[in-house]
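Proteins get letters first, then strands, A, B, ... in listed order; numbering begins at 1 in each.
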Amino acid sequence: MPDVVIVGAGASGGAAAWRLARAGLRVTCLEQGDWVDPDATPSLRPDWEIARQTTHHPNPNVRAAPQDYPVDQTDAAIKPFLYNAVGGSTILWGAHFPRFRPSDFRTRTLDGVGDDWPICYEDLAPYYEENDRMMGVSGLAGDPGNPPREPRQMPPVPPGKAGVRMAKAFDRLGWHWWPADVAINTAPYGEGRGACNNCGPCDLGCPHGARSATDVSYWPQAIAAGVELITGARVFEVETDAAGRATGVAWYDRAGQVQRTKAAVVALASNGVGTARLMLLSTSKRFPNGLANDTDLVGRRLMHHPTGMVTGRFDEPMDGWAGPFAVSILSQEFYETRPEHDFSRGYQMQLIRSDGPVGTAVGGYLPRVPWGAGHHARFRDVFGHTASLTVTTEDLPRPENRVTLSDSLTDSDGIPAPKMTYSLDDNTRAMIAHGIARATEAFTEAGAADITAQSLVADAGFHLLGTACMGADAGSSVTNAKSRAHAVPNLVILDGSVFTTAAALNPTSTIQALALRAADALIRDRAELEVAS
Amino acid sequence: MSALLDTLIPGDADFPSAGSLDLHEALLAHDRFGAPYAAVSGLLPEGFADLPAEARARHVAEIEAREPDLFNGLIVGVYSLYYTHADVSAVIERLTGHTARPPQPDGHPLEPFDPRLVEIPARRAGLYRPTPEHDDA
Ligand SMILES: Cc1cc2nc3c(=O)[nH]c(=O)nc-3n(C[C@H](O)[C@H](O)[C@H](O)COP(=O)(O)OP(=O)(O)OC[C@H]3O[C@@H](n4cnc5c(N)ncnc54)[C@H](O)[C@@H]3O)c2cc1C
Ligand code: SF4
């Protein structure tokens with residue numbers, strides 16, 4: 001019997017599995033997806049852009065691959081983006097790798113909104129550093145917008161023509177900007193991982209292993225340390241004893257047969273939607289509303305990073321189809337609460353490059369190129385001539401934004417799908433409006449010929465957070481500061497479900513730092529841990 | 001059927017029209033794009049191909065307004081196959097320098113980062129907010 005069974009082999013599952021196995025624990029990880037072959041990336045094919053619209057679409061409802069589960073999005077203003085495989089959603093990710101700021105852990109104390117985390121930046125700092133070494137980070141220490149950190153493993157990704165132009169515009173405006181920390185190799189780093197060759201579509205996979213994903217960073221080392229990783233294993237229940245302690249999990253194998261894995265500790269790493277779904281599916285006499293759901297908070301407080309987008313078109317070519325699509329430079333000038341703002345908290349602006357021909361025509365950063373007489377004139381105007389600033393806002397937790405079980409959709413094993421119910425509040429709308437005005441100002445300063453804004457990018461549900469929130473008080477949170485369920489002492493939650501608040505930036509370095517910290521706490525406490533007999 | 005494709009993407013001095021490429025069969029045979037293409041084609045009036053360009057555009061715009069999701073599927077399909085067609089890729093390469101080959105294995109040159117770029121932002125003082133535990137900003 002393993003000491004720990006982990007559900008999900010993505011960003012958090014990979015990190016925790018490695019850490020636990022290195023300390024000598026017996027670890028089994030169950031993953032519903034498969035390994036992804038980096039040499040089969042569509043980036044090697046002339047029809048690579050079609051993959052983005054079909055087989056590699058980030059929305060599981062569009063992709064509809066056998067290993068995917070659907071997500072009911074009928075009541076969701078932001079659509080779910082995730083991937084199911086060894087590596088999880090890092091198989092598709094852009095590898096932006098910022099850290100939370102200290103204030104992100106103290107929104108209630110500082111601004112009277114959200115809730116304070118039961119931990120602070122200092123508690124996570126050593127785990128951020130360790131995770132950076134494992135994933136491999138390119139960037140530049142010395143950002144005045146953030147606490148000091150160790151020298152990055154590699155120099156920054158070059159910002160591209162538009163990045164240089166926007167950096168100079170930020171300088172003239174007197175605004176903060178800095179080269180982004182990114183989990184992309186600008187030089188060979190890690191086991192068998194080469195350097196980026198600036199190809200562009202990181203979301204289709206990186207045949208050089210330059211873009212870090214946990215299938216190439218953590219997993220080879222976790223397996224070498226003894227982790228048993230079972231793919232094609234879809235967990236449908238966390239099983240408990242009469243006292244409510246976890247005894248293991250039940251899952252379907254590829255043939256649709258039910259299997260059971262018993263373990264002293266169950267760790268969920270299925271992301272903010274998948275973990276909430278599994279907890280809600282796991283009802284028992286002790287937990288009639290779902291596992292560890294005494295407070296009715298499981299699935300609630302779902303947070304994204306609602307995103308506005310401003311795109312500048314320049315008369316000169318920017319060649320934005322070259323370079324890792326999502327990463328360049330970022331500005332945190334408007335990150336913190338300010339008295340003159342009509343909203344609490346703030347946002348990050350992140351410069352995005354542009355698209356290939358299909359992406360440009362179909363639209364995304366800009367509206368679709370219209371069909372009909374003016375089609376090619378517009379295509380010529382915009383293709384390779386644009387850059388975009390995201391306005392990535394902090395989403396404050398609200399109980400009505402939630403994950404429940406769908407009453408109409410199931411996956412291929414007949415397990416009820418998760419349903420996302422999600423809307424924006426006025427604070428977020430005000431933040432996005434402010435950010436759009438500031439991003440427009442920045443593009444104007446940079447000399448853009450015309451500027452287009454989208455007030456909400458619906459296709460941006462990449463960050464799934466908060467659905468089993470961490471807190472000091474068992475009456476108002478699901479997990480404690482060690483990421484263990486208050487109500488189930490041997491249940492650990494490793495993914496972004498535990499986020500108390502969401503900050504205004506990409507969450508994965510924080511998710512992984514928390515997973516490493518939770519694993520360390522488990523290693524320390526295992527002798528005293530209350531497990532099922 | 002080239003009339004529908006030509007209405008969506010007419011040609012010009014540089015670009016071929018969508019109807020002049022071998023897209024019709026490819027669209028019909030495509031596992032995802034075939035259905036919306038066939039469905040929208042089925043909504044066109046008899047004699048569509050013989051109408052003047054403006055009248056064809058009017059009919060297509062009406063379908064777009066009436067069936068937005070279906071029409072979106074058609075556009076994604078037509079644009080996807082058009083802009084990955086070798087003839088179109090060759091035009092784009094000639095006009096913009098965007099090479100008519102997949103992104104990999106060759107990629108694009110990765111210039112080194114120029115540290116002089118951060119001279120101004122690096123001089124700014126700590127910009128993050130102090131917290132009870134972290135007040136050295
Ligand atoms: C297109 C895209 C771009 C992104 N870009 C960025 C970025 O630039 N920076 C950033 O910080 N973040 C980014 N993200 C988000 C990032 O990928 C996630 O935050 C991160 O992967 C979450 O880690 P996780 O371990 O919680 O979940 P995941 O990595 O999603 O892994 C969860 C795993 O659990 C498995 N699973 C779920 N349910 C079950 C079950 N019942 N049984 C068995 N297995 C199960 C899934 O198959 C999956 O493999 C992006 C995401 C996407 C989709
Ligand atoms: S841009 Fe670089 S990191 Fe991204 S897929 Fe291409 S080579 Fe890999």
Quiz item: Any donor and acceptor pair, going by atom type alone, linking the side chain of A:Asn197 with main-chain N or O of B:Pro105 inside 3.5 Å?
Solution: yes

Quiz prompt | Which of A:Val164, A:Val157, A:Leu44, A:Val369 touches chain B most, by non-hydrogen pairs under 4.5 Å | solution = A:Leu44

Quiz item: Using a cut-off of under 4.5 Å for heavy-atom pairs, which of A:Ala195, A:Gly200, A:Pro144 has the most such pairs with chain B?
Solution: A:Pro144

Quiz prompt | Between A:Trp117 and A:Thr501, a side-chain donor and acceptor under 3.5 Å | solution = yes

Quiz item: What class does the angle between the rings of B:Tyr83 and A:His376 fall in, given that below 30° is parallel, 30 to 60° is tilted and above 60° is perpendicular?
Solution: perpendicular

Quiz item: Taking every heavy-atom pair that is under 4.5 Å apart, which of B:Ala100, B:Pro112, B:Pro109 has the most such pairs with chain A?
Solution: B:Pro109

Quiz item: Who among A:Ser103, A:Cys120, A:Gly372, A:Cys196 has the most heavy-atom pairs with chain B under 4.5 Å?
Solution: A:Gly372

Quiz item: Going by heavy atoms in the side chains, are A:Phe334 and A:Arg338 under 4.5 Å from each other?
Solution: yes

Quiz item: Side chain, backbone, both or neither: which part of B:Asn72 has a heavy atom under 4.5 Å from chain A?
Solution: both

Practice problem: Would you mind checking which part of B:Asp14 comes under 4.5 Å of any heavy atom in chain A, side chain (CB onward), backbone (N, CA, C, O), both or neither? | Solution: both

Quiz item: Can you tell me if CZ on B:Arg66 sees more than 12 non-hydrogen neighbours from other groups inside 6.0 Å?
Solution: yes

Quiz item: Quick one: what part of B:Pro115 sits under 4.5 Å from any heavy atom of chain A, side chain, backbone, both or neither?
Solution: neither

Quiz item: Which bit of B:Leu95 comes within less than 4.5 Å of chain A, counting heavy atoms only: side chain, backbone, both or neither?
Solution: side chain

Self-check item: Heavy-atom contact with chain A under 4.5 Å, split by part of B:Ile92
Solution: side chain

Quiz item: Looking only at heavy atoms, which two atoms of B:Leu28 and B:Ala38 are closest? And how far apart?
Solution: CD2-CB, 4.1 Å

Quiz item: What residue, out of A:Thr41, A:Thr337, A:Thr360, A:Ile329, has the most heavy-atom pairs lying under 4.5 Å from chain B?
Solution: A:Thr337

